[in-house]
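Below you'll find the structure, written out as structure tokens, and then a few comments.
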Amino acid sequence: MSRLARLQAQLEEPLLVSSLVNVRYLTGLASSNAVLLVEPDGARLFTDFRYAERAREIPDVALVETRRDIYAVLPELLEGRIAFEPTVLTYERWSLLAAGGIELVPRRGVVEAMRAVKDAGELNTIRRAAAIANEAFARLAEEPFVGHRERDLAWRMQSLLHELGGEKESFDVIVASGPTGESPHSVPGDRTVEPGETVIVDAGCRVGGYCSDCTRTFVTGELPAGLQRAYEVVKQAQETGLAAVRAGADSKAVDGAARAVVEEAGLGDAFGHGLGHGVGLEIHEAPWLNAEWPSVLTAGNVVTVEPGVYLHGLGGVRIEDLVIVTDDGPEVLTPFTKEPVTVG
Ligand code: ZN
Ligand code: ZN
């Protein structure tokens with residue numbers, strides 16, 4: 001059954017899909033300007049001249065070519081009760097539709113829930129994106145770190161992802177050396193990597209629009225005792241979290257299993273983010289592995305497992321694998337070693 005047909009089968013009223021990622025997921029059309037109305041017995045795709053030719057080829061979807069400002073003309077084309085995506089549709093556009101007499105019903109996360117469970121084709125694409133990232137980490141580990149600026153290393157990682165076949169990065173490469181690593185999402189700057197510190201590298205690439213995501217923490221010689229211990233704790237937490245991943249597992253419990261290791265080591269306060277997130281057409285998507293998001297993992301979910309410890313003034317450690325959830329446990333897509341790799 002096609003994605004559109006599966007969506008149609010669960011709708012209570014027509015769904016106006018405003019998320020461009022969701023439009024791409026349902027129709028295959030990657031564009032910067034499109035809206036899809038999915039009705040019980042059909043679908044209409046609204047887009048402008050720039051995408052019309054490709055949109056016309058999409059099976060089971062009727063193209064409605066509009067001017068650039070699609071939402072300005074939608075009130076003339078739609079009527080009745082229509083569901084919308086409340087986390088995507090802007091207030092301005094909602095107001096235009098409401099003023100046109102459309103009865104708008106919020107339906108949150110409908111397509112996102114479908115996207116969270118990948119089909120065989122999507123899984124293969126993500127395996128390829130992850131294999132490229134994994135190889136890029138292996139190559140980067142052969143290169144000199146000490147004396148180079150964080151942004152030079154980030155640029156090099158970006159080049160490796162490109163050379164190995166990635167379409168583009170999944171997100172801006174993170175390289176956090178020494179004290180820069182006290183913040184989980186720092187921006188690589190002019191700081192030069194020094195001996196005796198950790199260097200967090202977090203990177204991934206896209207293949208066919210699908211993302212990969214991997215983090216390893218390299219070391220540049222003997223670490224201060226606190227960081228050395230943090231590395232051991234994070235590695236153990238990561239392996240514990242990984243062991244808890246399987247179809248049917250409660251996502252809060254998976255987060256909790258890894259977090260307990262960090263808490264028992266007295267470092268709970270230094271692990272201030274969730275254990276992981278889903279990965280697909282977006283780098284962060286459902287399901288979420290954290291203490292707040294109630295869900296049960298399903299075979300076909302693709303998630304990260306990425307505990308971290310961030311020590312003020314000293315540096316950070318994070319280890320992140322990308323995995324496919326199966327009935328028997330995780331299929332790890334990023335097998336590059338988790339032992340501390342000493343770089344020059
Ligand atoms: Zn990452
Ligand atoms: Zn991640």
Side-chain angles (χ1 to χ4, degrees), residues 21 112 115-116 118 126-127 129-138 140-141 150 153-154 156-158 160-161 164 166 168-177 180-188 198-207 209-218 231 234-235 237-239 241-242 244-245 251 254-255 258-259 262 271-293 295 297 301-310 315-325 330-338 341:
V21 178
E112 285 79 358
R115 280 170 42 201
K118 275 72 178 174
I126 294 172
R127 283 188 187 100
I132 290 168
N134 196 68
E135 178 62 19
F137 274 89
L140 189 72
E150 290 170 347
L153 292 167
R156 181 64 191 132
M157 189 57 170
Q158 193 179 319
L160 284 167
L161 292 168
L164 291 163
K168 57 188 281 194
E169 318 87 85
S170 304
F171 53 91
D172 290 343
V173 175
I174 293 172
V175 175
S177 67
T180 311
E182 72 180 23
S183 156
H185 274 192
S186 65
V187 176
T198 55
V199 185
I200 297 174
V201 180
D202 188 347
C205 65
R206 286 177 188 266
V207 170
Y210 285 82
C211 299
S212 59
D213 190 5
C214 181
T215 305
R216 289 296 184 268
T217 300
F218 296 97
Y231 196 104
V234 169
K235 179 167 173 286
Q238 206 274 341
E239 286 163 352
L242 213 49
V245 169
S251 57
V254 177
D255 176 277
R259 197 166 301 279
V262 182
F271 176 21
H273 56 75
L275 180 65
H277 53 87
V279 173
L281 287 168
E282 288 181 291
I283 184 60
H284 298 126
E285 59 178 52
W288 306 89
L289 298 181
N290 62 38
E292 290 115 49
W293 213 73
S295 81
L297 294 179
N301 286 158
V302 175
V303 297
T304 68
V305 177
E306 49 175 313
V309 162
Y310 310 92
V317 178
R318 182 166 66 254
I319 300 174
E320 174 180 33
D321 279 327
L322 184 65
V323 309
I324 298 173
V325 178
E331 177 188 335
V332 177
L333 306 182
T334 46
F336 184 72
T337 183
K338 284 179 263 194
V341 173

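Order of listing sets the numbers, starting from 1, for every ligand and every atom in it.
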Pairing donors with acceptors under 3.5 angstrom, does anything connect the side chains of T198 and T217? no
Can you find a pair of side-chain heavy atoms, one from P188 and one from V173, that are under 4.5 Å apart? no
Does H284 bring an N, O or S atom to under 2.8 Å of the Zn ion (ligand 2)? no
Do E239 and K338 meet the salt-bridge criterion of a basic N to acidic O distance under 4.0 Å? no
Test applied, side-chain contact (heavy atoms from CB on, under 4.5 Å); reference residue, R216; option that passes from D321, V341, V199, T337: D321
Do you know which N/O/S atom name in D202 is closest to the Zn ion (ligand 1)? OD1
Among the N, O or S atoms of E306, the one nearest the Zn ion (ligand 2): OE2
Give, rounded to 10 degrees, the angle between OE2 (E320) and OD2 (D213) as seen from the Zn ion (ligand 2). 80°
